[in-house]
Amino acid sequence: MKSLARAWDALPATVRSVGMVASGDGVSKLLAFVGTAVIVRLATPEQMGTITIFITLQTILLQLTDLGLGVALVKHTAGEGGQAGFERTVLTARALLVAGVGLAALLAGPWLATRLLGRPVFAEPMRYAALAIVGGGLMAFATSYLQARRRFLALSLVRIGEGASRLGLLLALVAVLGFSVAGVLWIQVLAPLAVGMVGMALVPRATLARGGSRTELRELFDLSRWILVATLVHMFAFQLDTLLLGAFSTPAEVGSYGAALRLSSPLVMLAGVLGTVFLPEAMRHRGAAEARRFFLRSLRLTVPLGVLGLAAALLCGLLLPRLFPQYGRLLPLFALLSAGLASYAMVAAAQGVVFALERTGLVACVAAGQFLFNLAGNALFVPRFGALGAAVTTGTAWVLSALAYATLVLVLTRSRARQAA
């Protein structure tokens with residue numbers, strides 16, 4: 001045991017952080033993946049379509065209540081020179097956003113879906129999504145704070161708690177009452193709320209004791225204005241697939257695509273782990289030369305992990321038609337999405353480097369490109385090919401996003417280094 005401890009201490013700090021967060025997120029996402037597999041196995045394609053639409057709407061609403069606040073919190077509090085008291089400002093802003101967005105979605109969303117758009121399939125998921133952002137907002141603030149303070153063990157425990165609570169409630173539901181869509185959606189509302197409250201208990205009360213000043217609000221806006229634009233555009237760019245499938249295809253088609261999305265979640269976890277670790281680390285490298293070195297060093301870890309993740313996903317994907325026979329064309333959908341997510345994981349540190357270089361406007365430009373590409377691709381292929389067209393578009397968009405961010409980092413750091421010289 002002592003030799004293992006010495007070996008762990010000898011590892012570089014970033015590698016240890018990746019290992020810690022990967023372990024925590026790995027357990028959390030493994031629990032979530034088991035729950036996902038249970039849901040996909042028990043649900044009919046039509047039921048899975050309803051759950052998929054809920055997840056899409058929940059994602060949109062959660063993004064609308066963030067608008068760059070998480071990144072702003074990491075930027076202002078990461079490292080030894082973190083700005084004290086900024087957490088209260090961010091928490092207040094997030095609470096106001098949750099209240100405003102949640103009430104609007106709960107009161108007006110179902111009416112708009114049923115009466116204005118004529119798509120009642122969106123109405124019920126919208127109600128649950130509006131309720132779910134309360135717990136989601138608490139979780140987002142707590143995890144952003146722990147990430148900024150580099151408290152990766154606590155961060156991992158919070159995420160494990162979320163995964164365990166969701167899975168435990170799901171198994172209890174199936175065992176006692178049987179599988180139901182309403183039960184699954186209530187779990188998505190209650191589990192984040194309970195774990196979010198626990199996560200808030202890990203935030204020291206002293207950090208929330210002081211209200212935000214006008215200066216802090218201006219600083220928050222200065223960083224968040226372009227992140228706000230990028231978040232909104234990026235959000236809609238990668239939710240267009242499900243939204244257009246819901247508008248133009250049958251619920252069963254939405255369910256097949258949603259099953260492929262949910263089953264590719266281990267690669268989402270991989271990209272998320274790497275991004276979580278590298279964002280505060282990237283914020284410590286503000287000069288062009290050191291940012292370039294940091295990004296190139298990160299590729300030594302992210303590229304092999306991305307390749308291994310894709311290989312493992314494709315190998316396991318061969319079993320999908322046997323395990324989930326009720327979903328049509330599941331394997332090609334899964335393969336296309338997995339390839340795109342693995343590509344993005346390979347350059348997970350790139351967006352953090354762009355933030356560190358104070359070029360958040362370029363993040364908005366990349367997001368705009370993603371939106372236009374996804375809008376054109378989904379509008380062209382979804383009405384003709386359904387879920388397969390959505391998978392081709394989304395998978396390709398992830399690959400192009402990875403290339404765009406990698407190119408952007410290399411160009412920015414080279415030009416700035418020349419100017420400094």
Side-chain angles (χ1 to χ4, degrees), residues 21-59 62 124-125 128-129 131-136 138-140 143 155-199 242 254-273 276 309 312-313 316-317 319-320 322-327 330 333-334 337-338 341:
V21 177
S23 299
D25 266 18
V27 174
S28 173
K29 291 303 189 291
L30 177 61
L31 296 171
F33 184 74
V34 172
T36 293
V38 171
I39 292 173
V40 173
R41 177 66 177 176
L42 296 178
T44 64
E46 290 77 10
Q47 290 175 321
M48 193 64 205
T50 300
I51 295 171
T52 299
I53 291 173
F54 160 79
I55 294 172
T56 295
L57 295 176
Q58 180 193 31
T59 301
L62 282 174
E124 193 69 9
Y128 285 97
L131 297 173
I133 64 172
V134 177
L138 290 176
M139 280 282 301
T143 53
L155 175 63
S156 297
L157 291 176
V158 169
R159 288 180 171 170
I160 290 173
E162 183 188 18
S165 62
R166 288 178 192 265
L167 178 58
L169 289 172
L170 175 63
L171 295 178
L173 169 71
V174 173
V176 176
L177 300 176
F179 180 83
S180 70
V181 172
V184 170
L185 298 185
W186 271 117
I187 289 171
Q188 308 306 312
V189 172
L190 297 176
L193 181 61
V195 179
M197 294 175 68
V198 174
T242 303
V254 180
S256 294
Y257 184 72
L261 280 175
R262 305 280 75 79
L263 293 173
S264 61
S265 60
L267 285 170
V268 177
M269 181 270 290
L270 177 61
V273 166
T276 296
C316 295
L319 300 175
L320 296 183
R322 290 186 178 183
L323 296 175
F324 310 102
Q326 70 268 44
Y327 300 97
L330 185 57
L333 301 179
F334 174 80
L337 294 170
S338 296
L341 287 166

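Basis for what follows: all heavy atoms, side chains included, without hydrogens, waters or symmetry-related copies.
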**Q** With a cut-off of 3.5 Å and sequence neighbours excluded, list every side-chain donor-acceptor pair involving residues 36-47.
**A**
residue: Thr36; atom: OG1; partner: Ala32; partner atom: O; Å: 3.0
residue: Arg41; atom: NH1; partner: Leu323; partner atom: O; Å: 2.3
residue: Thr44; atom: OG1; partner: Gln47; partner atom: N; Å: 3.1
residue: Gln47; atom: OE1; partner: Thr44; partner atom: N; Å: 3.0

**Q** Atom CG in Leu193, atom CD1 in Ile133: separation rounded to 0.5 Å?
**A** 12.0 Å
**Q** Heavy-atom distance under 4.5 Å between the side chains of Leu263 and Leu330, does that happen here?
**A**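 Heavy-atom side-chain distance check passes, below 4.5 Å.
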**Q** Please report the interatomic distance CZ(Arg159) to CG(Leu31), rounded to the nearest 0.5 Å.
**A**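 Separation between the atoms: 14.0 Å.
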**Q** Using 0.5 Å steps for rounding, measure from the CG atom of Leu320 to the CZ atom of Phe334.
**A**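 Going from the CG atom of Leu320 to the CZ atom of Phe334 covers 5.5 Å.
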**Q** Of Ile51, Ile53, Thr56, which meets side-chain contact (heavy atoms from CB on, under 4.5 Å) against Val254?
**A** Ile53
**Q** So, taking the atom named CG in Leu261 and the one named OG in Ser256, what distance separates them when rounded to the nearest 0.5 Å?
**A** 11.0 Å
**Q** Does Leu171 reach the side chain of Val174, with side-chain heavy atoms less than 4.5 Å apart?
**A**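 Counting from C-beta outward, Leu171 and Val174 never come under 4.5 Å.
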**Q** side-chain contact (heavy atoms from CB on, under 4.5 Å), that's the test. Do Met139 and Val195 meet it? Break it down for me.
**A** CA-CA 7 Å; Met139 280 282 301; Val195 179; 3.6 Å; yes
**Q** Between Val158 and Gly199, which heavy-atom pair has the shortest distance, and what is it?
**A** CG2-CA, 4.2 Å
**Q** Would you give the length of the straight line joining atom CG of Leu173 to atom CZ of Phe179, rounded to the nearest 0.5 angstrom?
**A**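 Leu173 atom CG to Phe179 atom CZ measures 8.0 Å (nearest 0.5 Å).
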**Q** I'd like a table of donor-acceptor pairs (distance under 3.5 Å, sequence neighbours excluded) in which one partner is a side-chain atom from residues 162-169, with atom names and distances.
**A**
residue: Glu162; atom: OE2; partner: Arg166; partner atom: NE; Å: 3.4
residue: Glu162; atom: OE2; partner: Arg166; partner atom: NH2; Å: 2.7
residue: Ser165; atom: OG; partner: Gly161; partner atom: O; Å: 3.1
residue: Ser165; atom: OG; partner: Glu162; partner atom: O; Å: 2.8
residue: Arg166; atom: NH1; partner: Gln188; partner atom: OE1; Å: 2.2

**Q** Within this structure, what is the CE-CZ distance for the pair Met48 and Phe324, rounded to the nearest 0.5 Å?
**A**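 That separation rounds to 9.5 Å.
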**Q** Taking C-beta and beyond as the side chain, do Leu57 and Tyr128 meet within less than 4.5 Å on heavy atoms?
**A**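 Of all side-chain heavy-atom pairs linking Tyr128 with Leu57, none is under 4.5 Å.
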**Q** So do Thr50 and Pro125 actually touch side chain to side chain, heavy atoms under 4.5 Å?
**A**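 In contact.
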